[in-house]
There are 2 protein chains.
Amino acid sequence: MPLCIPALIRKMESVFTLTEDERQVLETLPMQVMVIKDDQDIVRMGDRPSRSCLILSGFAATYKVTAGGKRQIVSFAIAGDIPDLQSLHLKTLDTSIATISTCRVGFIQHEALRDICLRYPRIGAALWRETLIDAAIFREWVMNVGQREAYQRMAHVLCELLVRLRAVGLAEDHACDLPITQAEFADALGITTVHVNRVLQQMRADGLIVSKGTQIKIPDWDKLKQAGEFDPAYLHLESDQAA
Amino acid sequence: MPLCIPALIRKMESVFTLTEDERQVLETLPMQVMVIKDDQDIVRMGDRPSRSCLILSGFAATYKVTAGGKRQIVSFAIAGDIPDLQSLHLKTLDTSIATISTCRVGFIQHEALRDICLRYPRIGAALWRETLIDAAIFREWVMNVGQREAYQRMAHVLCELLVRLRAVGLAEDHACDLPITQAEFADALGITTVHVNRVLQQMRADGLIVSKGTQIKIPDWDKLKQAGEFDPAYLHLESDQAA
DNA sequence: CGCGCACTTGAAGGCGCTCAACATTGGTGG
DNA sequence: CCACCAATGTTGAGCGCCTTCAAGTGCGCG
């Protein structure tokens with residue numbers, strides 16, 4: 001079942017050029033592909049999976065739930081991401097991962113990944129690097145939620161999403177499809193749905209965003225970046241797509 | 001300059017037993033040791049270091065600063081931690097790391113680490129694992145700062161610190177030395193110093209903590225855990241020290 | 001066409017902030 | 001050994017961002 005994983009390969013190739021061998025291995029990676037409807041858990045906190053999930057298309061969210069039942073989304077996953085790659089070395093999952101839109105997901109056995117890491121150390125390092133970038137995103141989110149006000153937080157998350165989508169070719173210039181509800185933004189930003197709504201209205205009034213359905217456009221990228229104090233350095237994109 | 005790094009070895013041995021060879025390699029790891037006074041930056045955001053720093057003793061903090069000058073501590077580092085191990089695969093640092101108390105720090109060349117990872121894949125995996133646990137801690141902090149109230153946040157961070165200190169043998173039962181100021185807690189929890197003070201007073205009144213100087217005692221561990229909704233699963237300690 | 005989900009709006013209140021002063025502690029030098 | 005100073009911790013009053021609660025509106029889909 002040879003399957004193409006262009007977004008992941010694209011990310012790796014931005015750091016170093018894959019040899020023919022390495023590319024071959026990645027493109028023929030044994031992978032069980034499933035289509036999963038929106039709002040379904042892909043994996044759950046406490047699971048001890050023997051495989052990791054590669055997002056092939058769609059949006060997913062990594063989240064945790066407090067004892068009191070409040071949900072915190074700790075990151076969004078898009079095409080090319082492997083949000084539970086950690087499970088390769090950590091037996092038990094400490095987060096759940098759910099689809100936000102309908103997703104195509106590829107499940108890859110840990111065994112296969114471990115084998116590749118040993119035989120192709122550069123791919124192993126690249127996978128390690130992916131988990132380190134995830135960690136960098138978490139750090140930035142701690143900052144976002146801890147130190148910035150709601151308006152800034154929203155601007156920041158929008159900036160991050162746009163830059164990451166551009167990096168895998170899912171956003172033209174300054175517009176993209178964002179099938180994320182206000183309730184989901186609320187859980188990601190640590191504020192209420194009501195407040196997300198008011199913040200978005202303010203941002204529209206300020207000319208920071210224009211949205212129709214799930215489509216969103218950024219009329220003035222610099223203005224949005226400034227509003228969110230956004231510096232893409234933490235995303236560790238080699239090719240600077242931070243125009 | 002063969003130097004003992006017991007806390008790191010202790011952490012690794014809790015997952016798998018090191019061979020004589022592996023232990024030997026770790027114990028003779030070339031390392032430049034420095035003593036650094038409190039409130040000094042060890043590395044700074046934007047640096048492109050060619051080495052990582054292993055905390056041998058003392059407390060350090062990883063932090064970021066907003067454009068407006070507000071500081072967010074994203075994690076505390078204690079003995080056995082390598083808070084910038086990420087720099088092994090990410091060229092540019094996206095955080096700064098500062099000492100909180102006087103620290104003994106060992107600097108290890110990336111070259112040496114990369115070499116060990118190739119020659120001793122199990123040590124490589126163990127180091128990868130360490131960075132994954134860091135990521136898990138960041139995730140929990142996003143949750144802590146995003147969803148919990150100040151009182152819970154403080155209880156949660158205290159629980160985490162005590163459990164982590166116990167794991168490396170730096171805390172007896174339910175007491176330890178915590179040279180962390182209220183201002184530093186404020187930066188870690190995303191609240192003001194003033195509010196940290198009031199929360200701590202309330203916690204003392206509630207019998208959750210007893211403190212003299214930098215010494216802190218937890219009279220009722222279960223009560224503190226409950227107050228902070230603390231579940232140590234995210235720390236991925238194999239030996240369950242969550243009494 | 002109507003059901004459900006997402007989005008919107010208003011009013012009242014609370015958690016934590018700001019500002020500003022004061023108390024205490026520990027370390028240092030005379 | 002004490003006097004001093006700076007850093008840390010403490011306290012009070014007023015305010016604001018965001019919450020809570022509750023009642024809507026709009027829209028996509030079966």
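Sequence lines set the chain letters: A, B, ... in the order given, protein chains first and strands last, and positions in each chain run from 1. Bear in mind the structure is a predicted one, so any value in this text is a computation, not a measurement.
- With sequence neighbours left out, A/Leu161 forms a side-chain contact (heavy atoms from CB on, under 4.5 Å) with A/Phe76, A/Val157, A/Leu178, A/Ile180, A/Phe185.
- Taking atom CD of residue B/Gln202 and atom P of nucleotide D/dT11, one finds them 12 Å apart after rounding to whole Å.
- Regarding B/Leu178, its CG atom lies at a distance of 16 Å from the P atom of D/dT8, rounded to whole Å.
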What does nucleotides 7-16 of chain C look like as a protein-contact string, B for base, S for sugar-phosphate only, - for none, at under 4.0 angstrom between heavy atoms? SBBBB----S
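- The separation between B/Ile209 atom CD1 and D/dG9 atom P is 12 Å, rounded to whole Å.
- Shortest non-hydrogen contact noted between B/Trp141 and B/Glu160 is NE1-OE1, 2.9 Å.
- Summarising the geometry, the separation between CD on A/Gln147 and C1' on C/dC17 is reported as 13 Å, rounded to the nearest angstrom.
- Taking CG of A/Leu90 as the reference point, atom CZ of A/Arg48 lies at 11.0 Å (rounded to 0.5 Å).
- Looking at A/Asp81, its side chain does come within 3.5 Å of a backbone N or O of A/Ile78 through a donor-acceptor pair.
- Between the B/Arg51 side chain and the B/Ile108 main chain, no donor and acceptor come within less than 3.5 Å of each other.
- DNA chain D is contacted by no residue of residues 63-75 of chain B, taking any non-hydrogen atom closer than 4.0 Å.
- Under the 4.5 Å side-chain criterion, counting only non-hydrogen atoms from C-beta, A/Ile100 is not in contact with A/Asp39.
- Closest approach of A/Lys37 to A/Thr99, counting heavy atoms only: O-OG1, 2.6 Å.
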Walk along nucleotides 25-30 of chain D from 5' to 3' and tag each nucleotide B, S or - by protein heavy-atom contact under 4.0 Å, base first, then sugar-phosphate. ------
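- In terms of heavy atoms, A/Gln72 sits closest to A/Gly190 at OE1-CA, 4.1 Å.
- Comparing the local axis fitted to the first five base pairs of the helix from C/dC1-D/dG30 to C/dG30-D/dC1 with the one fitted to its last five gives a bend of 40°, rounded to 10°.
- Ring-plane geometry between B/His174 and B/Trp221 is classed as parallel, the angle between the planes falling under 30 degrees on a 0 to 90 degree scale with a further cut at 60.
- Of all the heavy atoms in B/Lys11 and B/Val168, the pair that sits closest is CG-CG1, 4.1 Å.
- A salt bridge does not link B/Asp206 with B/Lys223: every distance from a Lys NZ or Arg NE/NH1/NH2 to an Asp or Glu carboxylate oxygen is 4.0 Å or more.
- Residues that satisfy the side-chain contact (heavy atoms from CB on, under 4.5 Å) test with A/Asp38, not counting sequence neighbours, are A/Thr102.
- Counting heavy atoms from C-beta outward, B/Arg139 and B/Tyr234 have side chains that stay 4.5 Å or more apart.
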